[in-house]
> 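Structure incoming, see below.
Computed from heavy atoms alone, side chains included, the values below leave out hydrogens, waters and symmetry copies. Both counts, for ligands and for their atoms, begin at 1 and track the order of listing.
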Amino acid sequence: MRPFDLVEPATLEEAFHLLEGDDPAVRPIGGGTALMLMMKEQVFRPVRLVSLRHLAPQFGAISIDADHRMIRFGATTSFSELEHSAVVARHLPVVVRTMRTLANVRVRNVATLGGNLAHADPHLDLPPVWIALGAQIVIENPAGPRIVPAEDIFEGYYETNLRHDDIIREIRVPLNASQRASYVKITTRSAHDWPALGIAVRLEMKDGLAHHPRIVLSAATNKPTRLVRTEALAHGQPITPASLRELGEAAVSEADIASDSRGSADYKKHLLRVHLGRALHALALEE
Ligand SMILES: Cc1cc2nc3c(=O)[nH]c(=O)nc-3n(C[C@H](O)[C@H](O)[C@H](O)COP(=O)(O)OP(=O)(O)OC[C@H]3O[C@@H](n4cnc5c(N)ncnc54)[C@H](O)[C@@H]3O)c2cc1C
């Protein structure tokens, strides 16, 4: 391995300074779990890695607003911190449940929320959950910060529209006491394999009807993708066997699903029909 610098700035300004220029071999590093694999495979040869670990405390904090309308997750929060947070368990149990099928404890102890988003592997578990929950991403840049919906940062397979000197600072998730949410990870080879399909769903139920659903498909598509036409069809519908069949067909015709080593496109479409129906049905029955 070629020698490289690992630098640990204490301020955002210092971090920007260290990322200056457009050399792709100079990058931020969160937990390093993705970067280390890329370095071992020699698909990434760094010149300088700019660690975000020592940035201001809010980069690593989980906090809830005083009016309980939003939870903020600092980008260097580790998966384990998320998994064991009482605030998250109480207000966003879907996030804690997602952690149970995610990697292993060694990875969860170091991988960070910012690195997970920026890596943009479509098989990752949290991005579809953030999108379903309506998360906003706070991105710092020397030209000024911006806030974008989580779905807007993904461009394609391992591709984002983040700029070289962008640093993800925070994930903001709006809270809604009447929402229900779930994430299903469907693996076809072994329980610990990467998913063939991930489905994240959130909705509210009012008088037996689904309201404001958000349905996000991952792993089977080249980026986590909201199925907006299916969401529109589900809004205001009762969850019945007939509506679930209709929604399953709508999802399958809307999603751009490709074949790969985890299954043919037809097989994954069948998985989508079945598991989306089950997820919506389970949410409708929740108390
Ligand atoms: C064996 C193994 C199994 C895994 N299984 C799963 C799984 O089942 N489900 C799952 O979801 N994940 C899984 N992961 C984790 C996932 O693949 C990524 O490795 C992880 O999410 C990346 O987080 P990180 O902090 O380590 O990122 P890093 O490796 O530090 O960085 C990844 C990318 O993000 C950039 N980056 C990092 N932080 C920021 C930031 N704040 N702003 C801008 N850019 C940034 C880096 O420059 C780099 O391009 C697994 C990982 C391993 C090693």
Side-chain angles (χ1 to χ4, degrees), residues 4 6-9 12 15-16 18-19 23-41 43-56 58-60 73-83 95 97-131 137-142 145-146 148 150 153-155 158-171 183-187 189-198 200 218-219 224 262:
F4 63 91
L6 175 66
V7 287
E8 299 191 316
L12 195 55
F16 286 146
L18 289 160
L19 287 170
D23 184 350
V26 175
R27 275 207 211 178
I29 178 169
T33 60
L35 284 176
M36 289 303 287
L37 288 183
M38 290 161 66
M39 286 154 66
K40 277 191 197 158
E41 296 294 326
V43 292
F44 176 55
R45 295 189 178 87
V47 165
R48 180 190 303 145
L49 293 178
V50 180
S51 168
L52 307 175
R53 284 196 318 159
H54 297 300
L55 292 188
Q58 58 267 39
F59 268 77
F73 301 92
T76 62
T77 305
S78 71
F79 291 170
S80 292
E81 285 162 334
L82 200 63
E83 183 182 4
V95 171
R97 286 197 297 270
T98 300
M99 286 297 124
R100 294 195 189 123
T101 59
L102 198 155
N104 57 57
V105 72
R106 283 173 300 144
V107 170
R108 293 202 296 272
N109 280 344
V110 287
T112 65
L113 304 187
N116 185 251
L117 279 170
H119 190 43
D121 177 339
H123 300 93
L124 300 183
D125 297 299
L126 275 173
V129 175
W130 296 135
I131 295 171
I137 311 301
V138 182
I139 301 164
E140 297 282 359
N141 183 275
R146 64 189 190 279
V148 295
I153 69 171
F154 299 106
E155 295 275 303
Y158 288 91
E159 257 183 72
T160 66
N161 50 30
L162 292 171
R163 299 173 210 142
H164 176 77
D165 51 0
D166 275 343
I167 295 181
I168 298 173
R169 178 197 190 96
E170 189 176 87
I171 299 166
Y183 170 69
V184 243
K185 172 177 187 163
I186 301 119
T187 57
R189 298 196 297 206
S190 75
H192 294 102
D193 189 22
W194 290 107
L197 200 77
S218 60
R262 290 176 184 83

> Specify side chain, backbone, both or neither for Leu162, according to which of its non-hydrogen atoms lie closer than 4.0 Å to ligand 1.
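Contact part for Leu162 vs ligand 1: neither.
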> Please list, chain by chain and in numerical order, all residues satisfying ring-ring contact (aromatic ring centres under 6.0 Å, His included) with Phe4, sequence neighbours excluded.
none
> Any atoms of ligand 1 less than 4.0 Å from a non-hydrogen atom of Ile167? List them with their elements.
42 (N)
> Please tell me if the side chains of Met39 and Pro46 come closer than 4.5 Å, counting only heavy atoms from C-beta onward.
yes
> Output the list of atoms in ligand 1 that are nearer than 4.0 Å to some heavy atom of Gly32, sorted by atom number.
24 (P), 26 (O), 28 (P), 29 (O), 30 (O)
> Relative to atom 8 (O) of ligand 1, which among Ala120, Gly115, Pro195, Ala103 owns the nearest non-hydrogen atom?
Ala103
> Please could you name the atoms of ligand 1 that Asn116 approaches to less than 4.0 Å, counting only its heavy atoms?
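Reading through ligand 1 atom by atom, the close ones are 11 (O), 21 (O), 22 (C), 23 (O).
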> For the atom pair CE (Met99) and OH (Tyr183), what is the distance rounded to the nearest 0.5 Å?
10.0 Å
> Can you list the atoms of ligand 1 that are under 4.0 Å from a heavy atom of Arg27?
47 (O), 48 (C), 49 (O)
> Using a distance-only test with no angle check, is there a side-chain donor-acceptor pair under 3.5 angstrom linking His119 and Asp121?
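Side-chain D/A pair, His119 to Asp121: absent.
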> Give me the residue, atom name and distance of the protein heavy atom closest to atom 36 (N) of ligand 1.
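Among all protein heavy atoms, the one nearest atom 36 (N) of ligand 1 is Ala118 CB, 3.8 Å.
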> Do you know the tightest heavy-atom contact between Asp165 and Phe16?
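Shortest heavy-atom separation between Asp165 and Phe16 comes out as O-CE2, 3.5 Å.
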> Provide the closest heavy-atom pair for Asn109 versus Ser80 in the form atom of the first, atom of the second, distance.
OD1-OG, 2.6 Å
> Check Phe79 against ligand 1 and report side chain, backbone, both or neither, counting heavy atoms closer than 4.0 Å.
side chain
> If you have a sec, work out which protein heavy atom is nearest atom 31 (O) of ligand 1 and how many Å separate them, to one decimal?
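Here the nearest protein heavy atom works out to Leu35 CG, 3.8 Å.
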> Whether the side chain of Arg53 engages the backbone of Glu8 through a donor-acceptor N/O pair (distance < 3.5 Å, no angle test) should be reported.
no
> At their closest point, which heavy atom of Arg45 faces which heavy atom of Ala25, and how far apart are they?
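In terms of heavy atoms, the two residues are closest at O-CB, 3.5 Å.
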> Could you note down all residue pairs passing salt bridge (Lys or Arg N to Asp or Glu O under 4.0 Å) where residues 101-116 supplies at least one of them, sequence neighbours left out?
Glu83-Arg108
> For Asp121 and ligand 1, answer yes if some heavy atom of the residue is under 4.0 Å from a ligand atom, otherwise no.
no
> Considering only heavy atoms, does Leu52 approach ligand 1 within less than 4.0 Å through its side chain, its backbone, both, or neither?
side chain
> Please list the nearest protein heavy atom to atom 47 (O) of ligand 1 with its residue and the distance rounded to 0.1 Å.
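The answer is Pro28 O, 2.6 Å.
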> Which is it for Lys185 and ligand 1 at heavy atoms under 4.0 Å: side chain, backbone, both or neither?
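It is the side chain that touches ligand 1; the backbone stays farther off.
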> Of all heavy-atom pairs between Leu82 and Thr77, which one has the smallest distance, and what is that distance?
N-CG2, 4.3 Å
> Pick from Asp193, Thr98, Asp125: which one makes a side-chain hydrogen bond (donor to acceptor under 3.5 Å, both in side chains) with Lys185?
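Of Asp193, Thr98, Asp125, side-chain hydrogen bond (donor to acceptor under 3.5 Å, both in side chains) with Lys185 is met by Asp125 alone.
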> Salt bridge check: are Arg48 and Asp23 linked by an N-O gap of less than 4.0 Å?
no
> Please list the nearest protein heavy atom to atom 22 (C) of ligand 1 with its residue and the distance rounded to 0.1 Å.
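Checking every protein heavy atom, the shortest distance to atom 22 (C) of ligand 1 gives Thr33 OG1, 3.5 Å.
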> Closest non-hydrogen protein atom to atom 12 (N) of ligand 1, residue and atom name please, with distance?
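Its nearest protein heavy-atom neighbour is Leu124 CD2, 3.4 Å.
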> Only heavy atoms of Gly30, strictly under 4.0 Å: list the atoms of ligand 1 that pass.
25 (O), 30 (O), 37 (C), 38 (N)
> Where do Ile131 and Ala150 come nearest, in terms of heavy atoms and distance?
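Nearest pair, atom of Ile131 first, then Ala150: CG1-CB, 3.9 Å.
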> Can you name the atoms of ligand 1, numbered from 1 with element, that are less than 4.0 Å from a heavy atom of Leu37?
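Heavy-atom distances to Leu37 below 4.0 Å select 53 (C).
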> How far is atom 42 (N) of ligand 1 from the closest protein heavy atom, and which atom is that?
Ile168 N, 2.8 Å
> Looking at Ala200 and Pro128, what are the two nearest heavy atoms and their distance?
CB-O, 3.4 Å
> Can you tell me the protein heavy atom closest to atom 13 (C) of ligand 1 and the distance?
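For atom 13 (C) of ligand 1, the nearest protein heavy atom comes out as Trp194 CH2, 3.6 Å.
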> Can you report which non-hydrogen protein atom sits closest to atom 24 (P) of ligand 1, along with the distance?
Gly31 N, 3.5 Å
> Only heavy atoms count here, so choose which of Asp166, Leu117, Thr112, Leu126 is nearest to atom 25 (O) of ligand 1.
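Shortest heavy-atom distance from atom 25 (O) of ligand 1: Thr112.
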> For Val107, take its heavy atoms, then give the atoms of ligand 1 lying under 4.0 Å from any of them.
2 (C), 50 (C), 51 (C), 52 (C), 53 (C)
> Only heavy atoms of Ile29, strictly under 4.0 Å: list the atoms of ligand 1 that pass.
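Numbered from 1, ligand 1 contributes 30 (O).
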